Amino acid sequence: MTLATRNLKEVWRDPLSLGLTVGLPVVMLLVLQALKGVDEFFAPTSLTPGIALFGFVMLMFSAAMTLSKDRESALFSRLLTAPLRSNDFAAAYSLPYLLVAIVQAVVLYLIGGLFGLGIAGNWALVFLILFVMAILYVALGMIMGVLFSIKQIPFVYTAVLLLTIFGGAWMNLEAIGGAFLTFGNVFPFAHALDATRAVMIEGAGFSAITTDLNWIVGYTVVIAALAVYTFKRKMVE
Amino acid sequence: MNPAAGDPPAIETSSLTRRFGDFVAVDGIDLTVGRGELFSLLGPNGAGKTTTIKMLCCLLQPTGGTARIMGHDVVEDPLAVKKIIAISPQETAIAEHLNARENLLLMAGVHGIGKQEATERSEELLELMALGGRAKERVKKYSGGMMRRLSIAMALVSNPDVLFLDEPTIGLDPQSRRGMWDHIAGLKGKTTTVLTTHYLEEADALADRIAVVDEGKVIAEGTPNELKADIAGGQAMVVEATNVSPEAVEALRRMYPSVKEIDGGLEIEAEDVDVYELQDVLRPMGVAIQSTYKRQVTLDDVFLQLTGKQLRE
């Protein structure tokens, strides 16, 4: 708990981290929703899920940087000599970011609401999908932080950001179709966006998005397990 | 710290080895460190000191041999080891967005120390390390010396039985280094401390016993005085002279086991050097002796004789 609190302070006390994780997604939403007159895709209801995932990518980056910095400053080595288990470490480095993810999503949806965002289906289902995706992105951040240096992380982050964007964060993947659609559907990001938009726009229920959920949960379980495993490996080299 | 009869030593290693591929970083080290002792691992960079410490702290798995801390095996029972040790790594290893007090409470918390005890201990250490006045300031604004003091305080906050200080004064100015020595010396008898350093004078001033490490092996072990006494009874004669020829050096080497050329003369490591005898040998060879004086052998001499190289090479 002490370590989790410290990690939360890392986000809260670092203006850049706070700006990237909470401020930037809000700015993106405000800027892009202004284009709704050009294309209905930029209306808050279809745009906000993509911006929410974009916010999670920023959170992933922040989590990865904190962990990588701790490794490079040897604070992580110092912490590893404390009587904690790998699960304790994984939880301490992920729970604070999940908390920020919840705040981030709520803030985004509230602001989206001011600009006409509507949820035709069950809002709890929307937040469930987003929460699972937040776990996925934070777990990715953990893996990046354990495996990569501060200099390498921006490159990996860019790859995940591009996959999220080409998963349909702010483009209509169905309309593009072809190889883009096939490629996008290999990753969980497109499925998360499809499912969220289906609930928000069409009012889809749980059974209608089961396939997408399977993709999302499957990826999340594997990536989260990998994150715990990389922590475990790092504890004793 | 008063060990009871039959208590295992604080640290005991047997043929402790760590390989990285073909490279042997630590090569079969046998060490025994008594409880409350301040023990120093002295050696050049890359000698295997930090690798040894990492294995003793359960951060690195040995590839051979065993290591026990207070009787607990570092591989078999790492959690028991981690409950009784703490490390101040070579890097400052502090959370820069926290203040000093928060850093101490963080380390107390991860060691499972209750809030009240953690707070009391943190306040004590802030005063002891002269950080109390700036305890609320984020530590990224601290000087190098303050960060080092905080780093050691973070290692002490869990009240460890065994403390590892890995190059605690690296990068400090001489004044801050001396101040740090006082703090480390204050641990003697209370906390078993393993100090790694490549500063000879640091090991000499602080350690109860020293293990000289080179290329992954312990090449000598003893108290600082024992190590120095092994060389010519701890004495050396400096001969300031001009026109020192290789023939003159060779002639002296036939009389004394260790003779070396230094700037402005010669140095002879021997307990009893007869100055008149020296003059009788050197004058006919054209060497003009200007003065002679005795000096104490240093750990630098010990290291040079043991390894054939200077520690700061």
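Every heavy atom of this structure was used, including side-chain atoms; hydrogens, water molecules and symmetry mates were not. These numbers were taken from a predicted model, which means no experiment stands behind them. Just so we're on the same page: letters track the sequence lines, and every chain starts at 1.
Residue B:K83 holds its NZ atom at 14.0 Å from OG1 of A:T81, rounded to the nearest 0.5 Å. Atom CG of A:N7 is separated from atom CG of B:L106 by 8.5 Å, given to the nearest 0.5 angstrom. One finds the CZ atom of A:R13 at 6.0 Å from the CG atom of B:L98 (value rounded to the nearest 0.5 Å). If you take CG on A:L75 and CD on B:E91, they are separated by 11.0 Å, rounding to the nearest 0.5 Å.
In this structure, chain A has heavy atoms under 4.5 Å from both the backbone and the side chain of B:S88. Looking at B:A155, the atoms closer than 4.5 Å to chain A (heavy atoms on both sides) sit in the backbone and in the side chain alike. B:L105 touches chain A through its backbone: at least one of N, CA, C or O sits under 4.5 Å from a heavy atom, while the side chain does not. For B:E102, the part lying under 4.5 angstrom from a heavy atom of chain A is the side chain only. If you measure heavy-atom distances from B:M55 to chain A, you find no contacts under 4.5 Å at all.
B:K217 NZ: 12 or fewer foreign heavy atoms inside a 6.0 Å radius. A 6.0 Å sphere centred on CZ of B:F20 holds more than 12 heavy atoms belonging to other residues, nucleotides or ligands. No more than 12 heavy atoms of other residues, nucleotides or ligands sit less than 6.0 Å from atom CZ of A:F131.
What you find for A:A82 and B:K82 is that their closest heavy atoms are O-CD, 3.4 Å.
Two residues are said to be in side-chain contact when any heavy atoms from C-beta on lie closer than 4.5 Å; A:R78 and B:M107 meet this criterion.
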Please lay out, stage by stage, how B:L79 and A:R85 fare under the test side chain to side chain contact (heavy atoms under 4.5 Å, CB included).
CA-CA 8 Å; B:L79 269 187; A:R85 296 174 193 277; 3.1 Å; yes
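Salt-bridge check for B:E96 with A:K69: failed, with every basic side-chain N at 4.0 Å or more from each acidic carboxylate O.
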